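Computed from heavy atoms alone, side chains included, the values below leave out hydrogens, waters and symmetry copies. Values in this document were obtained by computation on a predicted structure and should not be read as measured data.
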Amino acid sequence: MTEYAVVIAGGGPTGLMLAGELALAGVDVAIVERRPNQELAGSRAGGLSSRTIEVLDQRGIADRFLSEGQVAQVAGFASVRLDISDFPTRHNYGLALWQNHIERILAGWVGDLAVTFYRGREVTGFAQDHTGVEVELSDGQSLRAEYLVGCDGGRSLVRKTAGIEFPGWDPTISSLIAEVEMTEEPELGIHRNAFGVHAFGKEEYEIRDGEVVYKDGGPIRVMVTEERVGSRTEPTLRDLSEALIAVYGTDYGIHSPTWISRFTDMTRQAAAYRDRRVLLAGDAAHVHSPVGGQGLNTGVQDAVNLGWKLAQVVHQTAPESLLDTYHAERHPVAARVLHNTMAQTALMRVNDRTEALRATVSELLSMDEPRKRFAAMMSGLDIHYNLGEGHPLLGRRMPDLDLVTPNGPLRVFTLLHAARPVLLNLGEPGGFDITPWADRVQSINAKYDGTWELPALGAVTAPTAVLIRPDGYVAWVGDQTQVGLVDALTTWFGPPTAA
């Protein structure tokens, strides 16, 4: 039986990101993916949020995505655009880029690392004991892992087999999306009528002055709200034709579909993200309406939160209890996403009363403070892990400051490329002794004389030192003293190494 430290079920964006994080930490990891290659039928997600771009920048790979996508102000709430161009981040924008390209680029990065792929297969079952998990594959092969992570989507077999409950809300709306040829070209763009919200577009487009301009030719991408909710069968061309006729009185002569799929606003979240040696991430842990484009981004950030913690447990530098912080930190983040997607779905219903409510919310969001608060939420820049009372930086993303070091200028995010924690000392050089953790934590002396500013919160007091986790969040803030540093180092990076 082939053995790995970690087996990941599912090679979508979440699974790929997690595999990359584990491989950077020297963990022996394998991905089991049912597709024979990374090709993806359907558009799925259409972009990256500001915080996800930052996360990719922390690993030194953001440029791979930026070179292929289109930078734009894509943050929004219930179709109300929220400009973040004045936010204090190097990436004060979103990135329009279809999921098939996001996956391809991520797979290219992971391909450069030590990750084993089992393609054209899927996990069909598993059994865990006190030392690991025996994982059964669809081809009859068995793998042995210390940990199994389910990144296998909303219908996750890993979640179901582990017996983890998936409470939430049943769908209230259902939509078909497809890429098809048409004999008559419809009016491109987003349409609203008594049935709901619909759209026609094309895969190839440009964003000019904030407006989408589609390129000539090629198949049409369709999104149409269905008259009824409840069908669980795979959608067909006939289903799409009937839905279009119900809304527009014509199906525009649709034919030759490249793909057809269905999505709903079903909203559910795993009651637990961990059952002993089995963990969940991405859609396996949370599903919701795609409004706001938060699903892929939340999953990728799940992976970045989990990866370094799981690596330390595998390497036995930190206790297994560190994995409990994964659920404690990421479950509330996704719960908030579920909450805001339900609110957005309600605001996008098509009737006179909801139109009046949406107009009121739109007016509120045009005001500066509400815009900043909601834009920070929708772009992922306001995430705050509860690490206790203290400096406003504690538990929040570390800004990508331009530092001055004895070896020259350096960006904070550059220090995180290898996914290793950093103690950044901005006071007297050598003022903090972390020798017992020197094999795990980088110690950097630097200067920064600029303003410390956080999205939505504004300016904060400059700290003397910060302890930055591999996921880019601040685990400890110092103010001329070392109080609490040893506890923070032990909590997040394990007990000190004996002299």
Side-chain angles (χ1 to χ4, degrees), residues 10 12 14 41-46 76-79 99 150-160 164-179 190-199 221-248 259-271 280-299 302 331 333-351 353-355 357-358 361 378:
T14 302
S43 59
R44 308 285 178 88
F77 188 85
S79 297
Q99 182 173 331
C151 300
D152 51 343
R155 300 174 182 174
S156 172
L157 178 136
V158 172
R159 185 190 66 241
K160 293 173 182 176
I164 296 174
E165 293 184 4
F166 203 42
W169 296 266
D170 290 333
T172 63
I173 57 171
S174 175
S175 297
L176 296 174
I177 52 173
E179 185 175 270
I190 298 173
H191 309 140
R192 302 173 62 87
N193 61 20
F195 279 86
V197 181
H198 326 283
R221 292 201 166 188
V222 182
M223 181 188 80
V224 58
T225 302
E226 296 183 278
E227 192 171 4
R228 289 177 297 277
V229 179
S231 178
R232 294 176 179 265
T233 60
E234 287 298 314
T236 64
L237 188 64
R238 180 175 179 178
D239 292 333
L240 182 61
S241 172
E242 290 176 352
L244 286 168
I245 290 170
V247 173
Y248 294 103
W259 51 265
I260 306 173
S261 63
R262 174 182 282 114
F263 71 86
T264 73
D265 66 335
M266 182 173 71
T267 305
R268 296 187 180 278
Q269 185 175 23
L280 304 175
D283 289 354
H286 41 76
V287 296
H288 51 81
S289 165
V291 62
Q294 298 168 93
L296 181 151
N297 292 279
T298 305
D302 285 346
H331 194 275
V333 170
R336 193 178 186 208
V337 170
L338 266 60
H339 186 265
N340 79 51
T341 54
M342 287 195 295
Q344 291 180 78
T345 300
L347 281 170
M348 294 178 73
R349 300 195 192 286
V350 184
N351 58 64
R353 287 174 173 79
T354 305
E355 293 282 359
L357 177 60
R358 188 169 61 252
V361 171
M378 298 304 296

No-hydrogen, no-angle side-chain donor-acceptor test under 3.5 Å, [X] and [Y]:
| X | Y | result |
| --- | --- | --- |
| Asp265 | Thr172 | yes |
| Asn340 | Gln344 | yes |
| His191 | Tyr248 | yes |

How far does [atom1] of [X] sit from [atom2] of [Y], to the nearest 0.5 angstrom?
| X | Y | atom1 | atom2 | answer |
| --- | --- | --- | --- | --- |
| Arg358 | Leu347 | CZ | CG | 7.5 Å |
| Leu357 | Arg349 | CG | CZ | 11.5 Å |
| Asp283 | Ser156 | CG | OG | 10.0 Å |
| Leu296 | Thr14 | CG | OG1 | 6.5 Å |
| Ser289 | Met266 | OG | CE | 11.5 Å |
| Thr341 | Gln294 | OG1 | CD | 6.5 Å |

Around atom CD1 of Ile245, are there more than 12 heavy atoms from other residues, nucleotides or ligands closer than 6.0 Å?
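Buried by this count: over 12 neighbours within 6.0 Å.
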
Does a sphere of radius 6.0 Å around CD in Glu165 hold more than 12 heavy atoms from other residues, nucleotides or ligands, not counting ones at 6.0 Å or beyond?
no

Are any non-hydrogen side-chain atoms of [X] and [Y] less than 4.5 angstrom apart?
| X | Y | value |
| --- | --- | --- |
| Arg159 | Phe166 | yes |
| Thr225 | Val247 | no |
| Val337 | His288 | yes |
| Arg221 | Trp259 | yes |
| Val287 | Thr267 | no |
| Met342 | Trp169 | yes |
| Ile177 | Val222 | no |
| Ile173 | Thr345 | yes |

Looking at [X] and [Y], what are the two nearest heavy atoms and their distance?
| X | Y | result |
| --- | --- | --- |
| His331 | Ala271 | NE2-O, 4.2 Å |
| Gly150 | Ala284 | O-CB, 3.4 Å |
| Met348 | Ser79 | CE-OG, 3.2 Å |
| Phe77 | Ala343 | CZ-CB, 4.2 Å |
| Ala270 | Leu280 | CB-CD1, 3.8 Å |
| Val229 | Ser174 | CG2-N, 3.8 Å |

What's the verdict on side-chain contact (heavy atoms from CB on, under 4.5 Å) for Ile260 and Leu237, showing C-alpha distance, side-chain angles and the deciding distance?
CA-CA 7 Å; Ile260 306 173; Leu237 188 64; 4.2 Å; yes

Assess whether salt bridge (charged side-chain N to carboxylate O under 4.0 Å, His left out) is satisfied between Arg262 and Glu226, documenting all intermediate values.
CA-CA 10 Å; Arg262 174 182 282 114; Glu226 296 183 278; 2.8 Å; yes

Quick check: does any side chain N or O of Arg192 sit under 3.5 Å from a backbone N or O of Val197, one acting as donor and the other as acceptor?
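No; judged by distance alone, with no hydrogens or angles, the pair does not exist.
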
